[in-house]
S.K.: 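Here you go, one structure.
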There are 2 protein chains.
Amino acid sequence: MKGKAPTNLECALLGLLHGQPQSGYDLRKIFATTAMGNYSSSPGAIYPALKRLEARGLVTSEIDSTNEMRPRKVLTPTARGKTLFRDWLRADFSAEDIDRRFDQLMLKFAFHWVLDDLGESHDFLAALASGLDVSVRSLEAQRNMFPEQMPIQPRLALDQGIGQTKAAARWARKALSQIKEEMS
Amino acid sequence: MKGKAPTNLECALLGLLHGQPQSGYDLRKIFATTAMGNYSSSPGAIYPALKRLEARGLVTSEIDSTNEMRPRKVLTPTARGKTLFRDWLRADFSAEDIDRRFDQLMLKFAFHWVLDDLGESHDFLAALASGLDVSVRSLEAQRNMFPEQMPIQPRLALDQGIGQTKAAARWARKALSQIKEEMS
DNA sequence: TCGCACATGTAACGTGTTACATGATTCA
DNA sequence: TGAATCATGTAACACGTTACATGTGCGA
């Protein structure tokens, strides 16, 4: 029924093209200069990824020759691409996703505006917040099981993980209340 | 002068072997059951990584045949492996490392006990804290440049990044004070 | 004219993922 | 007897990294 899961980079590209059809070069600049910079930006990653998206029929390309001697290849998501992207945004997530693919969940949330339905974002954040609580409890349990003579650094490193997760949970609840406000 | 940079997984394995010489299977269990679980744990990653470490002369293997019919291959870091690992722990880091390889920095810190010198951990955390402050300022600058009509979700997603970074900075300072206390 | 930004790509390489393979031991 | 755990591996594959290749337009 479904094709294989796209990579984070592919989803980021597809999402950006939802916002504005543009060229590979434009997309590279976004990754190079904004907070999305944790994604590649290297041509060796971007151009093949765009080619894959096109091969799967998720985007179409069109040569923009308004500046004749310097053609740009502008990519636009297709109907299939839009459907698949929305499905990806809506796919529900597991505890595993929260613990090990949190960045992917944030990428999804950042593109939630595509759904144009604050209710979806609300549910997403609510599920995320309670999932994060579970993670916190599990990490704290591990911390309590640390042997007495364990050196201080690994303990502190685990504290960092707990702090990150707690901060994420706090953020999720605060964002949730902002979304609620926006919805009313 | 230096060989190529080892991967995070290789460093994690090498660090764990500093704590206790053990087999690939033991290491897999650690990744599968503890908070270090963000690293692989799959045999297709671990055994090749251990083989690479051995090929580079950073660990040696010895067959443990106390239980005859079920031999374990126990890995131990060599002198070269220990030196390289300490160098890796001490290598100074850039803003780039903080923004995009924070997990690697945390991995290093978790193994700082190997250095057996709280002063090093102190300096590490101090540098980290001020580096994180820089990151926070840069992210907040980006947030301020967001256009007015931008939908709420990307804004919130960026807030999440800012919150994470601030939490990390708070943690670093708290950890710093605990290290100082331990030193006195 | 020198270098930089524009603009798109390819090729080699390394590494992690997934799936498979093998075989012994322990326990229900 | 069959399933789970112990224990070590290999092979195909996909993806990102790094480095290279090519050529235009523009400003100093």
Side-chain angles (χ1 to χ4, degrees), chain A residues 3-14 17 21-33 36-56 59 61-75 96-97 100-101 103-104 107, chain B residues 3-14 17 21-33 36-56 59 61-75 96-97 100-101 103-104 107:
Chain A
K4 35 156 290 216
T7 65
N8 282 358
L9 177 60
E10 284 163 0
C11 293
L13 291 168
L14 193 48
L17 293 174
Q22 51 196 319
S23 70
Y25 190 78
D26 296 331
L27 294 162
R28 286 186 61 203
K29 271 195 300 188
I30 292 175
F31 292 133
T33 60
M36 309 233 352
N38 42 324
Y39 295 98
S40 73
S41 104
S42 85
I46 299 235
Y47 290 109
L50 291 172
K51 191 185 273 188
R52 288 195 298 271
L53 290 175
E54 200 174 358
R56 284 203 241 163
V59 304
S61 61
E62 194 181 357
I63 305 295
D64 170 10
S65 302
T66 48
N67 288 11
E68 298 81 20
M69 278 323 289
R70 196 178 284 176
R72 296 167 65 243
K73 198 175 177 183
V74 175
L75 289 307
E96 182 86 357
D97 291 321
R100 302 174 55 168
R101 282 176 289 276
D103 53 331
Q104 181 178 128
L107 183 65
Chain B
K4 35 156 292 216
T7 65
N8 282 358
L9 177 60
E10 285 163 358
C11 292
L13 291 168
L14 193 48
L17 293 175
Q22 51 196 318
S23 70
Y25 189 79
D26 295 331
L27 294 162
R28 287 186 60 204
K29 272 195 299 186
I30 292 175
F31 292 133
T33 60
M36 311 233 353
N38 42 326
Y39 296 98
S40 73
S41 102
S42 84
I46 299 233
Y47 290 109
L50 290 172
K51 193 186 271 187
R52 288 195 298 272
L53 290 175
E54 199 174 358
R56 283 203 242 160
V59 305
S61 61
E62 193 181 356
I63 306 295
D64 170 9
S65 301
T66 47
N67 287 12
E68 297 82 22
M69 277 321 289
R70 194 178 286 176
R72 297 165 67 240
K73 198 174 176 181
V74 175
L75 289 306
E96 182 86 356
D97 292 320
R100 303 174 54 170
R101 282 176 290 274
D103 53 330
Q104 180 178 129
L107 182 64

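Below, read A as the first sequence line, B as the second, and so on, with proteins coming before strands; counting in each chain starts at 1.
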S.K.: Distance check needed: C:dG9 P versus A:Glu54 CD, whole Å only.
M.R.: 9 Å
S.K.: Taking A:Glu62 first and then A:Arg72, would you say they form a salt bridge - that is, a charged N and a carboxylate O separated by under 4.0 Å?
M.R.: no
S.K.: From the list D:dG16, C:dG16, D:dT8, which nucleotide is the closest neighbour of the side chain of B:Arg28?
M.R.: D:dT8
S.K.: Find out whether B:Ser23 and B:Lys73 are in side-chain contact, i.e. whether some heavy atom of one side chain is under 4.5 Å from a heavy atom of the other.
M.R.: no
S.K.: To the nearest Å, give me how far apart CG (B:Asp103) and P (C:dG16) are.
M.R.: 13 Å
S.K.: Ignoring the backbone of A:Lys4, work out which of D:dC15, C:dG16, D:dA19 is nearest its side chain.
M.R.: D:dC15
S.K.: So which one's nearest nucleotide on DNA chain D is more toward 5', B:Arg100 or B:Lys29?
M.R.: B:Lys29
S.K.: Just how far, in rounded Å, is P of C:dA7 from CD of A:Gln22?
M.R.: 12 Å
S.K.: Can you tell which of D:dG25, D:dG9, D:dG16 lies closest to the side chain of A:Arg70?
M.R.: D:dG25
S.K.: Given D:dT8, C:dT17, C:dT10, which nucleotide is nearest the side-chain atoms of B:Ala45?
M.R.: C:dT17
S.K.: Determine: side-chain N/O of A:Ser23 to OP1/OP2 of C:dT8, distance under 4.0 Å, yes or no.
M.R.: yes
S.K.: How about B:Ile30 and B:Asp26: do any of their side-chain heavy atoms sit closer than 4.5 Å?
M.R.: no
S.K.: Under 4.0 Å: is that the gap between some side-chain N or O of A:Arg72 and OP1 or OP2 of C:dG9?
M.R.: no
S.K.: Quick one: A:Tyr39 OH to D:dG16 P, roughly how many Å, whole number?
M.R.: 11 Å
S.K.: So which one's nearest nucleotide on DNA chain D is more toward 5', A:Glu10 or A:Ser42?
M.R.: A:Glu10
S.K.: Roughly, in whole Å, what's the span from CG in A:Leu13 to C1' in D:dG16?
M.R.: 13 Å
S.K.: Starting at CG of B:Asn8 and ending at C1' of C:dG14, how long is that distance when rounded to a whole Å?
M.R.: 14 Å
S.K.: Separation of B:Asp64 atom CG from C:dA24 atom P, in whole Å?
M.R.: 19 Å
S.K.: Side-chain contact, heavy-atom cut-off 4.5 Å: A:Tyr39 with A:Ile46?
M.R.: no
S.K.: Whether A:Tyr25 contacts C:dT8 is assessed here as follows: a side-chain N or O lying under 4.0 Å from the phosphate OP1 or OP2. Is that the case?
M.R.: no
S.K.: For residues A:Gln22 and A:Leu17, determine if any side-chain heavy atom of one lies less than 4.5 Å from a side-chain heavy atom of the other.
M.R.: yes
S.K.: Choose from C:dG16, D:dT10, D:dG9 the nucleotide whose nearest atom is closest to any side-chain atom of B:Leu9.
M.R.: C:dG16
S.K.: Take the protein atom CD1 of A:Ile30 and the nucleotide atom P of C:dC6, then report the distance between them rounded to whole Å.
M.R.: 13 Å
S.K.: What is the nucleic acid contact for B:Gly24, judged by heavy atoms within less than 4.0 Å: base, sugar-phosphate only, or nothing?
M.R.: sugar-phosphate
S.K.: Return no unless some side-chain N or O of B:Lys51 is found under 4.0 Å from OP1 or OP2 of D:dT10.
M.R.: yes
S.K.: Kindly say whether A:Thr7 contributes a backbone atom to a donor-acceptor pair with the side chain of A:Glu10 at under 3.5 angstrom?
M.R.: yes
S.K.: D:dA14 phosphate, OP1 or OP2: any side-chain N/O from A:Thr7 under 4.0 angstrom?
M.R.: no
